Participant: 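Got a structure for you, written out below as structure tokens; questions coming shortly.
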Amino acid sequence: MRDANSACAAASLPLARKLEYLRSRGGPDGGEPPSDRHIADAVNKAAGETVISHVTLGKLRKGEQTATTDARLAALADYFDVDPLFLQRSREEIVNEIALRLRYLIALHADDITGTGLPGNSHAELVEFIERAVRERQGDGK
């Protein structure tokens, strides 16, 4: 079982808790948790423009504001050196989207796109398809 403080566990948290999780890890250098002002200044400096204020960041981190732009989240993700999807979507949303895309690939592979996106493919079928695709890509062709 994964630690409750792991990134995987954090991926399903609301945005405020994700931001606090990242901040509590000490930012990109792993030191003391940076202030909202420090994070905002670093994000804005890296972007070469004002992307976020420390006030807005504080509201996001405290859950007083729950929505923001993907561009702002991408800039924050860059600061914390994480994939932007970590802040932009929940783990469940990402898993569902990947499963949908895999079903589409399976349908294309079977030359039958009539059922694309329908929940007909089981988890086992998706895993088997992925494993087969990886083997083919590596040249096994099994």
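Keep in mind it's a predicted model, so treat the numbers as computed, not measured.
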Participant: What residues form a salt bridge (charged side-chain N to carboxylate O under 4.0 Å, His left out) with Asp78, not counting sequence neighbours?
Facilitator: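 Salt bridge (charged side-chain N to carboxylate O under 4.0 Å, His left out) list for Asp78, sorted by chain: empty.
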Participant: Where the side chain of Gln65 meets the backbone of Ala67, is there a donor-acceptor pair that is under 3.5 Å apart?
Facilitator: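 Checking the backbone N and O of Ala67 against the side chain of Gln65, a donor-acceptor pair under 3.5 Å is found.
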Participant: For side chain to side chain contact (heavy atoms under 4.5 Å, CB included), just list the numbers for Leu100 and Asn96, CA-CA rounded to whole Å, side-chain angles, deciding distance to a tenth of an Å, and then say yes or no.
Facilitator: CA-CA 6 Å; Leu100 183 67; Asn96 289 338; over 6 Å; no
Participant: On a heavy-atom basis, which atom in Gly26 and which in Pro34 lie closest, and how many Å separate them?
Facilitator: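 For Gly26 and Pro34, the tightest heavy-atom pair comes out as C-CD, 3.8 Å.
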Participant: Hey, is the main chain of Ala16 close enough, under 3.5 Å, to the side chain of Lys62 for a donor-acceptor pair?
Facilitator: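 Checked: no pair found.
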Participant: Could you walk me through whether Ile39 and Arg23 pass the side chain to side chain contact (heavy atoms under 4.5 Å, CB included) test, one step at a time?
Facilitator: CA-CA 9 Å; Ile39 295 168; Arg23 193 185 77 81; 4.0 Å; yes
Participant: For Arg72, enumerate each residue passing the salt bridge (charged side-chain N to carboxylate O under 4.0 Å, His left out) test, keeping only those at least two apart in sequence or located in another chain.
Facilitator: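 Expected list: none.
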Participant: Go through the steps for Leu15 and Thr66 under the test side chain to side chain contact (heavy atoms under 4.5 Å, CB included), then give the verdict.
Facilitator: CA-CA 7 Å; Leu15 177 60; Thr66 57; over 6 Å; no
Participant: Under the rule for side-chain contact (heavy atoms from CB on, under 4.5 Å), what residues qualify as partners of Ala75, not counting sequence neighbours?
Facilitator: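 Testing Ala75 for side-chain contact (heavy atoms from CB on, under 4.5 Å), a comparison that skips the adjacent residues, returns Val43, Val51.
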Participant: Which value, rounded to the nearest 0.5 Å, describes the distance between Glu64 atom CD and Lys59 atom NZ?
Facilitator: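 NZ of Lys59 is found 7.0 Å from CD of Glu64.
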Participant: Assess whether side chain to side chain contact (heavy atoms under 4.5 Å, CB included) is satisfied between Phe86 and Leu22, documenting all intermediate values.
Facilitator: CA-CA 10 Å; Phe86 178 79; Leu22 292 172; 3.9 Å; yes
Participant: Going by the side-chain contact (heavy atoms from CB on, under 4.5 Å) test, name the single residue among Thr68, Thr69, Leu57 that passes it with Ile52.
Facilitator: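 Looking at Thr68, Thr69, Leu57, the match for Ile52 under the side-chain contact (heavy atoms from CB on, under 4.5 Å) is Leu57.
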Participant: Would you please name every residue forming a salt bridge (charged side-chain N to carboxylate O under 4.0 Å, His left out) with Arg17, sequence neighbours left out?
Facilitator: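 Here no residue qualifies.
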Participant: Please, which pairs that meet side chain to side chain donor-acceptor pair (under 3.5 Å) have at least one residue in residues 41-53, sequence neighbours excluded?
Facilitator: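 For residues 41-53, and leaving out neighbouring residues, the side chain to side chain donor-acceptor pair (under 3.5 Å) pairs sorted by first residue read Ser53-Thr56.
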Participant: Nearest 0.5 Å, please: how far is CZ in Arg61 from CG in Leu19?
Facilitator: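 If I round to the nearest 0.5 Å, the distance is 8.5 Å.
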Participant: What's the separation between atom NZ in Lys18 and atom CG in Leu60, rounded to the nearest 0.5 Å?
Facilitator: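 Lys18 NZ to Leu60 CG: 12.5 Å, rounded to 0.5 Å.
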Participant: Using the ring of each side chain (for Trp, its six-membered ring), is Tyr79 parallel, tilted or perpendicular to His38, with breaks at 30° and 60°?
Facilitator: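 Taking His38 first and then Tyr79, their aromatic rings stand perpendicular (interplane angle over 60°).
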Participant: Side chain to side chain donor-acceptor pair (under 3.5 Å) with Arg89: which residues, sequence neighbours excluded?
Facilitator: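 Side chain to side chain donor-acceptor pair (under 3.5 Å) list for Arg89, sorted by chain: Glu97.
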